[in-house]
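To find a chain, count down the sequence lines: A is the first, B the second, and so on, and within it residues start at 1.
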Amino acid sequence: MQNSERGFTTEMKEVRTRFAPSPTGFMHVGNLRTALYEYLIARSLNGKFVLRIEDTDRERLVPGAENVIYDTLKQVGMTHDEGPDVGGPYGPYVQSQRKDIYLPYAQELVKNGKAYYCFCTKERLDSLSQADAFGGYDRHCRDLPQEEVDKLLQQGVPYVIRQKMPVTGATSFTDAVYGEITIENTELEDQILIKSDGYPTYNFANVIDDHLMHITHVVRGCEYLTSTPKYNLLYEAFGWEVPTYVHLPMIMGRNEDGSVSKLSKRHGATGFADLVSDGYLPQAIINYIALLGWCSKDNREVFTLQELEAHFSIDGISKSQSVFDYDKLTWLNGEYLRAMSPEAFTSLAMPGYRQVFPQTELDWALLSSILQPRVTKLNQIPDMIGFFKELPAYSAELFINKKSKTNLENSAVMLEAAIPVLEQLDTWTVECIHDALLALPEQLGVKNGTLLWPVRIAAAGMTVTPGGAIEILAILGKEEALRRLRAGLAKLKAENKE
RNA sequence: GGCUCGUUCGUCAAGUGGUUAAGACACCGCCCUUUCACGGCGGGUUCACGGGUUCGAAUCCCGUACGAGUCACCA
């Protein structure tokens, strides 16, 4: 190779990370965060981000599930430099298409005495684990005589290939997040490398592929922390360079009793697609999960993906698990919604609008102007605007409001004053309604709220509404607005008579 | 149970021997105001516990407790 000719190569090796999901058809936010950090490490270090599909578990294959992975990455804007769909120099990028690569490597290990054939039956293994709840494989086949092995192989007895772990000593490695980790070798089981169906196990395929794909930073959840020595022993057995490990703290969910456990369905939406259909924006989701377990040097919290690429660094990753906080995600989502252009907001909100008004045309821009500062999740929209379509049945009690100094009597007076003024309006716009209505309180000697409270109640039938009385009247249109006001007045009169 | 890791406000977190222990979300109060929201201002005995080391410890060491992970022909 050219490299050796240069003698001393001081140039930095290109950073390469990989996202290696299994196509299960579901993108858990924990997985997404792992992908995000892998992506950010690569981008922040001018490296490459590769996508590899790990489908070696043939029993759990979900057809078409790969698309969920592509769609998710696309929606959040994480682009991969290499992968099944875009190709690259180290393909194929789907493990099932690499099936034939692994066995020779395992056989090489067998030849070098680092691995061995194991012919144990499922039944024998099961009886083993029953005998001792926390036992492991008893290394029954580890020292089978060669001729015995050859015989069984020849007979076609099913086998697996297991890694031969050292029985004494300890294995240490340094993790970029957790520091130095040491595990006694006696803790390490002779793990299976090649399954009896000929496919490699996840652990084995991972090491082979990461090496073949020149991955420099192995980023994954910290559930792999204690099995990392097994990986390193494999790298060493092959004489390969061990990558930098970046283990990530777990994302937890809060249980009803206050305890925490690994984030799962019972805590709420945990899939990217679920969050999106709950009304969260992909950018907000990404921004939020970036913050779960990582903190910027300057403590900033709101970041676009591009900004994250510039700010991310491994030493900002935390060691301790964090609880997924839907409240904060919701807040962040609201920030994104508010930061949008009115047009962008309207087009995002339109499905919600159409859910309530499939045919009708409204002043969408005006509707958006009152909704945009208030919506924190897109799926709140239908509920928020339902009253425009149909006036809810409401109690006259709603007209009574201490702060606005309204009661059943003066509310009737206010509506009685407002209705004729509004009837005379030729142009039904926020501005005209505003001017017409706000001339009244002064004439009547009351504060604005005293007039506007009953108007809003009559127009909306609810105490809490997006927007004020004037906007609501404008959106309703003159005819419907006046109909509601008159109905409100009638209600008050009926009430006052009693 | 063995092993590994972790523990700063309810939550996310800054902090690397000397700070009045930041900030954000949530919560509460006030202001703004046409309700709500937005925005502004303010509020809360937060360093798990116990021992050390040190003039001085959230920061270093040891133990305890609690939490999590792991111990598959799953990934």
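Applying the ring pair (Phe, Tyr, Trp, His ring centres under 6.0 Å) test to A:Trp364 and every residue at least two apart in sequence or in another chain returns A:Tyr353. Applying the ring pair (Phe, Tyr, Trp, His ring centres under 6.0 Å) test to A:Trp453 and every residue at least two apart in sequence or in another chain returns nothing. Checked against side-chain hydrogen bond (donor to acceptor under 3.5 Å, both in side chains), A:Tyr336 has the following partners two or more places apart in sequence or in another chain: A:Asn287. Looking at residues two or more places apart in sequence or on another chain, you find a side-chain hydrogen bond (donor to acceptor under 3.5 Å, both in side chains) between A:Glu66 and A:Tyr70. With sequence neighbours excluded, the residues that form a ring pair (Phe, Tyr, Trp, His ring centres under 6.0 Å) with A:Tyr224 are A:Tyr202.
Straight-line distance from the CG atom of A:Leu263 to the P atom of B:G67: 19 Å, rounded to whole Å. The distance between atom CG of A:Leu371 and atom C1' of B:C36, rounded to the nearest whole Å, is 12 Å. A:Arg220 places its CZ atom 13 Å from the C1' atom of B:U70, with the value rounded to the nearest Å. Rounded to whole angstrom, the span from the CZ atom of A:Arg162 across to the C1' atom of B:C71 amounts to 13 Å. The interatomic distance linking A:Ile69 (CD1) with B:A75 (C1') rounds to 12 Å, in whole Å. Distance CD1 (A:Ile317) to P (B:A13): 12 Å, rounded to an integer number of Å. Rounded to whole angstrom, the span from the CZ atom of A:Phe324 across to the P atom of B:A13 amounts to 13 Å. One can place CD of A:Glu223 at 9 Å from C1' of B:A75, the figure rounded to the nearest angstrom.
Contact annotation for A:Arg254: backbone-only contact, meaning every heavy-atom pair under 4.0 Å involves sugar-phosphate atoms and none involves a base. No contact: A:Tyr288 has no heavy atom under 4.0 Å from any strand. A:Met462 comes within 4.0 angstrom of no nucleic acid atom, judged by non-hydrogen atoms across all strands. A:Val160 comes within 4.0 angstrom of a base, heavy atoms only. Backbone-only engagement by A:Val260 is indicated by non-hydrogen atom pairs under 4.0 Å involving sugar-phosphate atoms exclusively.
Using modelled atom types, one finds a donor on one side chain and an acceptor on the other under 3.5 Å when comparing A:Asn203 with A:Tyr231. Of the N and O atoms on the side chains of A:Thr406 and A:Asn401, not one donor lies less than 3.5 Å from an acceptor on the other residue.
Contact annotation: A:Thr201 side-chain N/O to B:A72 OP1/OP2 distance is not under 4.0 Å.
Ring geometry, A:Phe312 versus A:Tyr37: the interplanar angle falls from 30° to 60°, so the pair is classed tilted. Using cut-offs of 30° and 60° on the angle between ring planes, the pair A:Phe173 and A:Tyr245 is perpendicular.
Taking a pair to require two hydrogen-bonding distances under 3.5 Å in either a Watson-Crick or a G-U wobble arrangement, B:G29 pairs with B:C41. Nucleotide B:A21 forms no Watson-Crick or G-U wobble pair with any nucleotide shown, as no partner meets the under 3.5 Å limit on both distances. With both pairing distances under 3.5 Å, B:G69 is matched to B:C3 as a Watson-Crick or G-U wobble pair. Under the Watson-Crick or G-U wobble criterion, with both distances below 3.5 Å, B:C9 has no partner in any strand shown. For B:C36, there is no paired base (Watson-Crick or G-U wobble, both distances below 3.5 Å).
When the C1' atom is compared between B:A22 and B:C36, the two are found 32 Å apart, to the nearest whole Å. When the C1' atom is compared between B:U11 and B:G1, the two are found 33 Å apart, to the nearest whole Å. Across the C1' atoms, B:C9 and B:A58 are found 14 Å apart, a figure rounded to whole Å. To the nearest whole angstrom, the two C1' atoms, one in B:G44 and one in B:U34, are 33 Å apart. B:C32 and B:C66 have their C1' atoms separated by 46 Å, given to the nearest Å. Comparing B:U46 with B:A14, their C1' atoms are spaced 13 Å from each other, to the whole Å. Atom name P, nucleotides B:A72 and B:A57: the rounded distance is 46 Å, in whole Å. The separation of B:G18 from B:U4, taken at their P atoms, amounts to 31 Å, rounded to a whole angstrom.
Here the CG atom belonging to A:Leu367 is positioned 8.0 Å from the OG1 atom belonging to A:Thr346, to the nearest 0.5 angstrom.
When distances run from any side-chain atom of A:Thr465 to the nucleotides B:U35, B:A37, B:A75, the shortest one goes to B:U35. Of the candidates B:A37, B:C73, B:G69, B:A37 carries the atom nearest the A:Arg374 side chain, counting heavy atoms from C-beta on. Of the candidates B:C12, B:G69, B:C74, B:G69 carries the atom nearest the A:Met250 side chain, counting heavy atoms from C-beta on.
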Per-nucleotide protein contact string for nucleotides 23-34 of chain B (B base, S sugar-phosphate only, - none; heavy atom under 4.0 Å): BBSS------BB

Under 3.5 Å, side-chain donor or acceptor atoms of residues 381-395 of chain A against the rest of the protein: list the pairs with distances, not counting sequence neighbours.
from: A:Lys389; atom 1: NZ; to: A:Val356; atom 2: O; distance (Å): 3.1
from: A:Ser395; atom 1: OG; to: A:Glu397; atom 2: N; distance (Å): 2.9

Donor-acceptor pairs under 3.5 angstrom involving side-chain atoms of residues 428-439 of chain A: please list them, not counting sequence neighbours.
from: A:Trp428; atom 1: NE1; to: A:Leu473; atom 2: O; distance (Å): 2.8
from: A:Thr429; atom 1: OG1; to: A:Cys432; atom 2: N; distance (Å): 3.2

Quick test: give all pairs of protein nitrogen or oxygen and nucleotides 2-9 of chain B nitrogen or oxygen below 3.5 Å, distance rounded to 0.1 Å.
from: B:G2; atom 1: O2'; to: A:Glu187; atom 2: OE2; distance (Å): 3.3

